[in-house]
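Atoms considered below: every heavy atom in the structure, side chains included; atoms not considered: hydrogens, waters and symmetry mates. Counting starts at 1 for both ligands and their atoms, following the listed order.
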Amino acid sequence: MNEIKIVTDMMARYPFDDAARARIKARALRWMSHDSGTDNATALLQGYDLSSAEGQALMELAEAYLRIPDGATRAQLLRDKLRQAGWKSGNANNKLTKLIGHVMKLGKAVSGTPIDPLAMPVMHGAASAVMRGLAQHFVMGETIESALDKAHKEHREREKYSFDMLGEGARTYDQSERYFQSYLHAIKAVGGKGHISIKLSALHPKFEETHRRICFDDLVQKLTLLCAEAKAQNVEIRIDAEEERRLDLMLDLIDAISGKVELQDWNGLGLAVQAYLKRTPQTIAFLQDMAKRHNRILGVRLVKGAYWDSEIKYAQMAGLADFPVYTRKAHTDLSYILCAQQLLQSSNIYPAFGSHNAMTLAAVAELANEDRSAFETQRLVGMGDAIHEAMRAEGYNIGVYAPVGPHNDLLPYLVRRLLENGANTSFVKQTAQHDNIALADPYDLISAKPIAMHSGIRTPENLYPDRKNSLAPDLGHEGELVALQNTIRKAKSAPVIGGADVPRLFDKAHKAFSSWQKTDADERAKLLEKLADTLHKNRDHVLRLLQSEGRKTLRDAIGEWREAIDFCRYYAAQARKDFQPQTLPGPDGESNIYTREGRGVFVCIAPWNFPLAIFLGQCAASLAAGNCVIAKPAEQTPKIGALAIDLAHRAGFPKDVVQVAQGDGKIGAELVNHPHCAGVAFTGSYDVGKIIQRALAAKDGPIVPLIAETAGLNACAIDSSALPEQAMDDIILSAFGSAGQRCSALRILLLDDKATPAIIPLLKGAMEALTLGDPFDTATDVGPLIDGDAAQNVREAVQNLKQKGAVIYECTGGDHPDCVPPIAVDMTGNPLPDAEIFGPVLQVYRVKNLTDSVKELNSRGYALTFGLHTRLSSREREMKALAEAGNVYINRSMIGAVVGVQPFGGHGRSGTGPKAGGPNTLLAYSHEKHISNNTAAAGGNISLVVLQEGS
Ligand code: NAD
C-alpha cells in the first residue's frame, strides 16, 4: 500500500472546512489552557529532554534499576549512568523532577571519589526512591486491588478505567498461565468498575502467524473463558493492539470469540486499533461487518500506535515490500481523523479515542458534532491530565488507561511509553516545549509540501546506498503465507546432478580464464546483479530445495535465499568500487596505475549447513574478483549446488567460467591438489580446514592462498542487569534455531550466578514451548539434523554431557528419525569444552566471574561469535575488548549476520579471514598489479612543458 497514494486520497477526503478547522483550533486552545498543573510526563520531558545524554541515561536507569536482583550490579549501573551524563541541572518544576535532579547531581559528585563506597548505599536508597517515585506516577498500582483503591481515593470513579496487567509477552506456557490467572483475578476484582485490557501475546508464548496451528484454539479457549467471566461480572474487555504482523491472527481470534453463542447479547467485547497502520480503515470495515454479523456493539479504541520504531526496523530487517506504517507523524495524525470519522459512522461500533493531543481530540469532538454520548476518550495515567480534565468539565466521557503490576516488570514498558511521548514529533513533548507546532493541523502540515514519505527513513528495498536489499514474503500475513507454501509445494524438484571429472573441469576453466580475466569489473558486476534477480525470480524452486534437501524451516530457507541474493549484489558493488584501475599520486613525468585482477581458477568448497548462501557467496566473490570457479557443494546438498550453478549460467555467466564439481571430501582434495588451483575458498570444519592448509603447503609450484572459515566455540555472557525475556529470545534463537547447525550458534551460556534464578526457569519454559518436527510445517521451530550420521554424532555427544552435568531441560517430540531434541545441560564445575557440538545442545555454566570465564574460553583458540546481554556500559566496554571473536553481538541474537551489515567470520581456529560480506573480502580473491611508467622516457615530460604560465 503506497503511502503517497493513501495520503493523497485521505487529503481529498479531509472532512473539515475552514469554519470547522477554526472551531477545532479554538476548542483545542481552550482545553490546553485549562490549568490543572503540569502533569508528570510533561514535567519530566521539560526537565530531561530524552534526546539529551541525561534524559537517555535516566531512561536507561529506569528501565533496569529496580529489576536488578543484586546490589553490586545495581551500584555499577548507577555509576555507569552517572558517568554517562553531566547531571548539572534538571529543570526542576515539580516534585519528581526536583528529586531526580538532586539525587543525580549528588551521585555524580561522589561517584568515583574516595567516599564513593560509603556514599553508595545512601545513593542506592535515593535512586530506589526516585525509580519507585517514577513508577508510581505512571503505574496505577502494583496489584489490581491497590489500583482500585487508588482510583477510589483520588475520587476518580467518574472516569472509566481500563486496567492493563502489563509486562512482557509470555515466553513460556507457565507465564501465559500466570497472565491468564491474573486477568481472571482482575476481572473479578474490578467487577463492573472498569475495563480490563488484555494482551494476546501475554496469553500464549507462540502468538505468531506461523504458529497459528498451535496457538489459535488455545487462545480461543482462554479468551472465551475470560470473556464469559467478564460478562458475568459486567466488565468490559479490550484486546490490546500489538505488532502489525500479528493483526491477521488477532482479527480472526476476535471474530471467533465474537461469534460464540455464550457471549451473545454481551456488548463488553472490544479492541484497540492503531492509526499509524496503513490498513486500519480496512480493519475498521472488517470489524463493523463482523459486529453486524454477530449482532453486537463492539468497543473500538483508536490510538496512534505504540510500536512505530520497531515496525520500521522489522520491515527493513525482514525485507518487506513496504512499511505497514506511515513514515510521517502528520500522516498518522491525518489517518487518525479519518479513522475516527469512520468509527463514528459505524453503526455497530462504540468508539474510544486514546490521545493526549488536544488538536486530535478537538477534531474528534467536531466529527461527533460535540455529541458527548457518541464516544469516550482515553489517556494514560500520569499523562495528558490537563486536556482530559478540561474535556471532563465540558461533559465528555473520560477514560484512563491504567497500568497495573509490579514496578520491576512495568518499568521497561513505561520507558517505552515515555520514549514514544518524548519523541520529537510527539504532542506531549511539543507542548512541554511550548512548541507552536502542537496546534498545527495535519492538513496544513501535509499541504505545505508535496506529499512524500519521510526522506530520512530508508525503505526496506533501499536500505543500502549502493545496492538493492533483498525483499521477502511477509510471513505475518495469513494469505501471503499460505500462497507461498502452495507455490513452494508446486515448484519442480530436483535438477540433474553431474559427477566430477576434475582434470576436465580444470582444463575448461583454465582455458576460459584467459578471456574471462579481461572482462571489465562492471561487466562482471552486471552478471552478478542478474544472478541476484534470477535467484529472486526462482524463489519457489530454491526454497523448496532448501527445505527438502537442506531440511530448513521456511523462515531459515527464506533467510538463506535472501543472503545469497545479498552476496551477489554486495560483491557486484565491491567489484565496481575496488576493481577499477586507480591512478596513484607521484612525480610528474611518471604514471602510476594500481589494479587488481583475478588469480586464476578458484576452488570453492562449501559446507551443507548453508548450501546456497555460503556456496554461492564464495562463487560470487571469486567471480567478482575476476576468477574462474570450480565449486564443490557438500555431498549432503548436491542438488542445491547444482541449481545455484545452473542459475548462474541462466543469468549469463559462461559455462566454463563457473562449474560445479559434485562429490565428497575426496573430490575436494583432488580439486585442492590440482596444479591449476590458484586459490581455495573453504568453509567447513576446523579439521578439514587444516587438511587443506597442509595439502596446499605441500604442493610445489605457486604459493596458493587459502581463505578458510571454520568452526566456532561460541559463548554468550549474561549478567543480572540483562532483561531476562529479551535475553531468552536471543538464547533460544541462537542455540536452537536451525537446530543448532550454524557455525555462529550459541554453544556455551556463561551465566552470572546472580542472573541464574531469573534465567534458568525461563530457559526451561521457553524450551518446553519449542515445536520439533517437519521443516515444512511453519509451526516447527527445530527441524531434523541434516542426516542420520549428524544426528548420531550429536546424540553421542549429548550422552557424554549427561554423564558430566545435570540436564536442565531436554525437549521431547519431533517424530522425524533425525530429530535431536534440544537440550540444555548445566556443566558448572567442568572445564569449558574444547570443540563445538554441531546441534541443538546448550552447555550452561553458572559463574561467579564472567571475566575469568571469558579468558578461559579465549584459551581454547576459537574466535567466531560472542554474545553479551547486559545494561552495564562498563561491562560492555570490558567484554568488547576481552572476547576473542570475529563477531560480537550485544543485546541481540548471535546468528543471522547480514551481508555488508555484519561482515562475518573469525580468526584463530575459526578461520583466516577476510570476513564474508565485508569490505575486504574481494581483496583476498585477487592479486594486485602495479604499473609504473616513465612517461618522460622519450622526449621529456610534454604535459609539464605545455603547462600555461600563471594557471
Ligand atoms: P566439513 O569440513 O566436513 O565439510 C565441508 C566441505 O569440505 C564439504 O564440501 C566436504 O565435502 C569438504 N571436504 C571434506 N574433506 C575434504 C578434504 N580433505 N579436502 C577438501 N575438501 C574436503 O564441514 P561440514 O560438516 O559440511 O560443515 C559444518 C562445519 O562447518 C562446522 O564445523 C561449522 O562450524 C563450519 N562452518 C563454518 C562457517 C564459518 O563461516 N566459519 C560457516 C558454516 C559452517
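Of the candidates R569, R650, R539, R569 is the only one forming a salt bridge (Lys or Arg N to Asp or Glu O under 4.0 Å) with D533.
In I691, the part holding a heavy atom less than 4.0 Å from any atom of ligand 1 is the side chain. For F838, every heavy-atom contact with ligand 1 shorter than 4.0 Å involves the side chain, none the backbone. Contacts with ligand 1 closer than 4.0 Å are made by no heavy atom of I667, backbone or side chain. Here E836 has side-chain heavy atoms under 4.0 Å from ligand 1, and that is the only part of it that gets that close. Under 4.0 Å from ligand 1, the heavy atoms of I692 that appear belong solely to its side chain. Contacts of A606 with ligand 1, taken as heavy-atom pairs under 4.0 Å, involve the backbone alone.
With respect to atom 27 (O) of ligand 1, the closest heavy atom belonging to the protein is P607 CB, 3.3 Å. Of the protein's non-hydrogen atoms, C743 SG, 3.1 Å is the one closest to atom 38 (C) of ligand 1. The protein non-hydrogen atom at the shortest distance from atom 35 (C) of ligand 1 is G684 O, 3.2 Å. Distance from atom 26 (O) of ligand 1 to its nearest protein heavy atom, with residue and atom name: W608 CD1, 3.0 Å. Looking only at protein heavy atoms, the nearest one to atom 2 (O) of ligand 1 is S685 OG, 2.6 Å. Scanning the protein heavy atoms around atom 22 (C) of ligand 1, the nearest turns out to be V688 CG1, 3.5 Å.
The cationic atom of K632 (NZ for Lys, CZ for Arg) does not lie both less than 6.0 Å from the six-membered ring centre of F682 and within 45° of the ring axis.
Not a single N or O atom of N609, backbone or side chain, sits closer than 3.5 Å to an N or O atom of ligand 1. Residue contacts with ligand 1: E635 is placed with a nitrogen or oxygen under 3.5 Å of a nitrogen or oxygen of the ligand (distance criterion only). Inclusion of Y686 in the set of residues having an N or O under 3.5 Å from an N or O of ligand 1 is not warranted. For a threshold of 3.5 Å applied to N or O pairs, the pair formed by Q636 and ligand 1 contains no separation below that value.
Using modelled atom types, one finds a donor on one side chain and an acceptor on the other under 3.5 Å when comparing D566 with S470. S622 and N627 are not linked by any side-chain donor-acceptor pair at a separation below 3.5 angstrom, with hydrogens and angles left out of the test. E796 and Q792 share a donor-acceptor pair across their side chains, judged by distance under 3.5 Å alone. T828 and D826 form a side-chain donor-acceptor contact under 3.5 Å, judged by distance and modelled atom types alone. Residues Q574 and K577 bring no donor and acceptor atom of their side chains to less than 3.5 Å of each other.
The contact set between ligand 1 and F682, taken as ligand atoms under 4.0 Å from a residue heavy atom, comprises 2 (O), 5 (C), 6 (C), 7 (O). Within ligand 1, counting atoms from 1 as listed, the ones closer than 4.0 Å to a heavy atom of A669 are 19 (N), 20 (C). Interface atoms of ligand 1 facing I614, defined by a heavy-atom separation under 4.0 Å, are 42 (C), 43 (C). Ligand 1 places these atoms under 4.0 Å from at least one heavy atom of I605: 6 (C), 7 (O), 9 (O), 12 (C), 20 (C), 21 (N). Close approach of ligand 1 to D664 (heavy-atom distance below 4.0 Å) involves ligand atoms 11 (O). Which parts of ligand 1 touch A711 is read off a 4.0 Å heavy-atom cut-off, strictly below it: atoms 32 (O), 34 (O). Using a 4.0 Å cut-off to heavy atoms of G668, the atoms of ligand 1 that qualify are 19 (N), 20 (C), 21 (N). Per-residue contacts place T710 under 4.0 angstrom from the following atoms of ligand 1 (heavy atoms of the residue considered): 37 (C), 38 (C), 39 (C), 41 (N).
Taking the side chain as every heavy atom from C-beta outward, Q902 and R892 approach each other to under 4.5 Å. The closest side-chain heavy-atom distance from V704 to V672 is not below 4.5 Å. Side-chain contact between S744 and N887: absent, with no pair of heavy atoms (C-beta onward) separated by less than 4.5 Å.
By the definition of a contact as any protein heavy atom under 4.0 Å away, atom 4 (O) of ligand 1 is not in contact.
The environment of NE2 in H907 is crowded: more than 12 heavy-atom neighbours from other residues, nucleotides or ligands sit within 6.0 Å. Taking a 6.0 Å sphere around CZ of R555, one finds it holds 12 or fewer heavy atoms contributed by other residues, nucleotides or ligands.
Rounded to the nearest 0.5 angstrom, C619 SG and L531 CG are separated by 9.0 Å. Between the CZ atom in F506 and the CG atom in D501 there is a gap of 11.5 Å [rounded to 0.5 Å].
Using cut-offs of 30° and 60° for the angle between ring planes, the Y571 and F567 rings count as parallel.
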